[in-house]
There are 2 protein chains.
Amino acid sequence: MFEGKKGTMNKQSKTFTNRQTVTAQDVADKAGVSRASVSRTFTSNGSIAPETREKVMRAASELGYQVNFLAQGLNRKRSQLIGVVVARLSDPFRSSLLESLLTEIHEKGYQALVTEVKNQEQLEETIRQFTQYRVSGVVVTSGQPPTELVSECVQHNIPVVGINRHMDLPYVDFVCSDNKMGAELALAQLLQSKCRALGWLNYKGSTWAGVNRGKTYRRLVESKQPEFGLTLSDLTAFEDGYEGGRAAAHDYCLSLKTGSVSKLDGIFCANAQLACGFLDGMRECGFEAPKEFHLIGFDDTQITAQYSYRLTTIRQNTSAMASQAIACLEARGADANSAQRIEMIPVSLVCRHTSPMND
Amino acid sequence: MFEGKKGTMNKQSKTFTNRQTVTAQDVADKAGVSRASVSRTFTSNGSIAPETREKVMRAASELGYQVNFLAQGLNRKRSQLIGVVVARLSDPFRSSLLESLLTEIHEKGYQALVTEVKNQEQLEETIRQFTQYRVSGVVVTSGQPPTELVSECVQHNIPVVGINRHMDLPYVDFVCSDNKMGAELALAQLLQSKCRALGWLNYKGSTWAGVNRGKTYRRLVESKQPEFGLTLSDLTAFEDGYEGGRAAAHDYCLSLKTGSVSKLDGIFCANAQLACGFLDGMRECGFEAPKEFHLIGFDDTQITAQYSYRLTTIRQNTSAMASQAIACLEARGADANSAQRIEMIPVSLVCRHTSPMND
DNA sequence: TTGAAAGCGTTACCAC
DNA sequence: GTGGTAACGCTTTCAA
């Protein structure tokens, strides 16, 4: 009775003030049903008669009703939001990963709360804010979230998944490109191309993924050493990205001249940016791939395909990673205590000019 | 009395179940004040005694209290969320713009709700969802939002701002790189380099920004025509991005050979991707910049600086654009009826190898 | 299947 | 300055 009256008043005020928000009560009044039925119509949760549903739908669309996600989330103690932590979008691989994540997130009916973090403090603040929005999950593509904060998420029952970075925490899942497979593909390609003096190029302050790729690669090379007589030298970039790779090439060429290092014929690289920089740096010194050395990068970003580079690379399957990540979140959302999932996503070799296909 | 009892019960259940959410009431109980005072402490809205504030703060931090943004937003009818519409993050300029937007959004205390739209329908759905989260504003960096939907935002009192795309709607603000200034800088550079046979390269289905740049450029060239005896030919790319530019170069070279077009010596390009592709395409045909022609691009993306390209470009100031955009949203949030703002952001010329600095 | 009513956690207005 | 209380708009038992 009182509710009904209130609803009527709402509709009146709607007519006079300039289009206020239309609520479930308004729809209920118009359809001649209860607020509860309206809710049921829109949540496919709880049973409702087809004809009631129909009435509600009609009333709703006539009024232009839309669920208020804030109220819904408050009530359910969970929003349809997924928090995404990114860093350095200027790296094309990062942005393509983000792109895949956004696509997947929307496809599954969520909205993405995206934060770029520049340092550790920001990360903490960010994750805290995510919990304040009662997100359905958090995807960390960058930075090392402090154990304590992540545990806070877990306590709030918010699933967390890391992409290309391991977090040794219980209940935190993990999606990663198969770096072992990448190492195998790269090495096979270099071996077939008769490379024996191998090099590994990475940035000194590399990400977890970069370090892991290096370790995996070294282990593999060592295991094949007896059979092929391989050597593996570390080339270190002291700056990240393109310029880091370019400088590393200059350093390397200088060492070659002074004779403090011997010539390498097959170089594998932690990421595409470094690889492109290295390629250009070598060019400046007069060395061309694949004539004088073979070069393989990681991350098959757009630029690697361009005419000036045509880089042979290991391609990461970002859409598979994204869909696995969201799947992890949903699974853990359903059962918070399920075993930790570690999903390895297969990678593939894209042969281009800097280490062309054999035969 | 009842409230007090309830609070106590909450705290108890907290002890027994595994850390439930702590509410303002819990803090109020612990601090021995009312829920209202807790709210005042956290919103700098309404007056509160310093010592009360202190008590609340202490209690809050001991309990680990954090405001529930969902409840806050529901009550205020507005969340601290800003919706951002992007497209094709694979274009480095887009992702760098997004990066600037994210930075600005967080700096101003908001969170970003990011959606990548692939088509018109998605855009509509997206904007609708933004309103359902009661966002404080919407930034459109891509796509043409349907008039009706934007009006819906306006009716919901949600400010909308477009970046690098004009929306001829009242109450919708607009931030744009100064394309006229870009045209002037580019033309001045080409004229100083003695270029007279000019070309304009753009994608057939270009964005609003691209088309606008072309129009502005043509107008400017025509105004200088009498003085310098200029010609301006359109080069059209039938595909977007790098490959489009490359193909356009091939087409152009072919036309040169058949004599169906005369040689151009100064080419200005709607964006960096096209420009890099064009440069590579010309290389494949044996033409080098700046020896055989000058080339200037738009968008000073990372790749343009790389050794293999060293492209002279017009640089857009993404952080200025981002901060203006958010400023527009806040201004309109404060006064929904203020006059439409159109903010032109100055651009600058970055001289590199493809059209080197004169003297 | 449906409706009434009790929250969800805040904020803001109104007395004191 | 502070506390009580009515919203905010929705979901979800619990009876009927």
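These values consider heavy atoms only, across backbone and side chains, with no hydrogens, waters or symmetry-generated copies. Proteins come first, then strands; the chains are lettered A, B, ... in the order of their sequence lines, and each starts at number 1.
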Chemist: Could you tell me whether the phosphate oxygens of D:dG4, OP1 or OP2, come under 4.0 Å of any side-chain nitrogen or oxygen in B:Ser34?
Modeler: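 No, no such contact exists.
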
Chemist: I need the CG-P distance between B:Asn68 and D:dG9, as an integer number of Å.
Modeler: 16 Å

Chemist: Looking at A:Ile48, is its backbone amide N or carbonyl O close enough to the side chain of A:Thr52 to form a donor-acceptor pair, meaning the two atoms are under 3.5 Å apart?
Modeler: no

Chemist: Counting only side-chain N and O atoms of A:Ser37, is one of them less than 4.0 Å from OP1 or OP2 of C:dT1?
Modeler: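 The answer is no; no side-chain N or O of A:Ser37 sits under 4.0 Å from OP1 or OP2.
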
Chemist: Between A:Gln111 and A:Gln80, is there a side-chain donor-acceptor contact under 3.5 Å, judged purely by atom types and distance?
Modeler: no

Chemist: Over the length of the helix from C:dT1-D:dA16 to C:dC16-D:dG1, how much do the five-pair end axes diverge, rounded to 10 degrees?
Modeler: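 Angle reported: 30°, given to the nearest ten degrees.
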
Chemist: Please state how far atom CZ in B:Arg78 lies from atom C1' in D:dA7, giving the value in whole angstrom units.
Modeler: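 Between C1' of D:dA7 and CZ of B:Arg78: 17 Å.
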
Chemist: Check this one for me: any side-chain N or O of A:Lys77 less than 4.0 Å away from OP1 or OP2 of C:dG9?
Modeler: yes

Chemist: Which is true for B:Leu74 with a 4.0 Å heavy-atom rule: it touches a base, it touches only sugar-phosphate, or it touches nothing?
Modeler: base

Chemist: Atom pairs under 3.5 Å, N or O on each side, protein against nucleotides 11-15 of chain C: can you list them with distances?
Modeler:
from: C:dT11; atom 1: OP1; to: B:Gln72; atom 2: NE2; distance (Å): 2.8
from: C:dT11; atom 1: OP2; to: B:Ser39; atom 2: OG; distance (Å): 2.7
from: C:dT11; atom 1: O5'; to: B:Ser39; atom 2: OG; distance (Å): 3.4
from: C:dT11; atom 1: O4'; to: B:Asn75; atom 2: OD1; distance (Å): 3.3
from: C:dT11; atom 1: O4'; to: B:Asn75; atom 2: ND2; distance (Å): 3.3
from: C:dT11; atom 1: O2; to: B:Asn75; atom 2: ND2; distance (Å): 3.2
from: C:dA12; atom 1: OP2; to: B:Asn45; atom 2: ND2; distance (Å): 3.0

Chemist: Short question: side chain of B:Arg94, backbone of B:Ala87 - any donor-acceptor pair under 3.5 Å?
Modeler: yes

Chemist: Indicate yes or no for a side-chain donor-acceptor contact from A:Thr141 to the backbone of A:Ile163 under 3.5 Å, with no hydrogens or angles considered.
Modeler: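 Between the backbone of A:Ile163 and the side chain of A:Thr141 there is no qualifying donor-acceptor contact (under 3.5 Å).
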
Chemist: Excluding sequence neighbours, so at least two apart, what forms side chain to side chain donor-acceptor pair (under 3.5 Å) with A:Glu330?
Modeler: A:Tyr110

Chemist: How would you list all residue pairs meeting side-chain hydrogen bond (donor to acceptor under 3.5 Å, both in side chains) that involve residues 157-172 of chain A, not counting sequence neighbours?
Modeler: A:Asn164-A:Gln316

Chemist: A:Gln25 has an atom CD; how far is it from atom P of C:dA4, in whole Å?
Modeler: 9 Å

Chemist: Under the side-chain contact (heavy atoms from CB on, under 4.5 Å) test, which residues partner A:Ser323, sequence neighbours left out?
Modeler: A:Glu104

Chemist: Decide yes or no on salt bridge (Lys or Arg N to Asp or Glu O under 4.0 Å) for B:Glu116 and B:Lys118, but give the supporting numbers first.
Modeler: CA-CA 7 Å; B:Glu116 200 202 13; B:Lys118 296 186 168 55; 3.3 Å; yes

Chemist: Side-chain N or O of B:Thr52 less than 4.0 angstrom from OP1 or OP2 on D:dT2?
Modeler: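 Answer is yes, contact under 4.0 Å.
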
Chemist: Just compare C:dG9, D:dG1, D:dC10 and give me whichever is closest to any side-chain atom of B:Thr21.
Modeler: C:dG9

Chemist: C:dG9 C1' sits how many Å from B:Asp29 CG, rounded?
Modeler: 14 Å

Chemist: Listed by chain and number, what are the side chain to side chain donor-acceptor pair (under 3.5 Å) partners of B:Arg128, not counting sequence neighbours?
Modeler: A:Gln66, B:Glu152

Chemist: Select base, sugar-phosphate, or nothing to describe what B:Gln66 touches, counting heavy atoms under 4.0 Å on all strands.
Modeler: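 Result for B:Gln66 = sugar-phosphate.
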
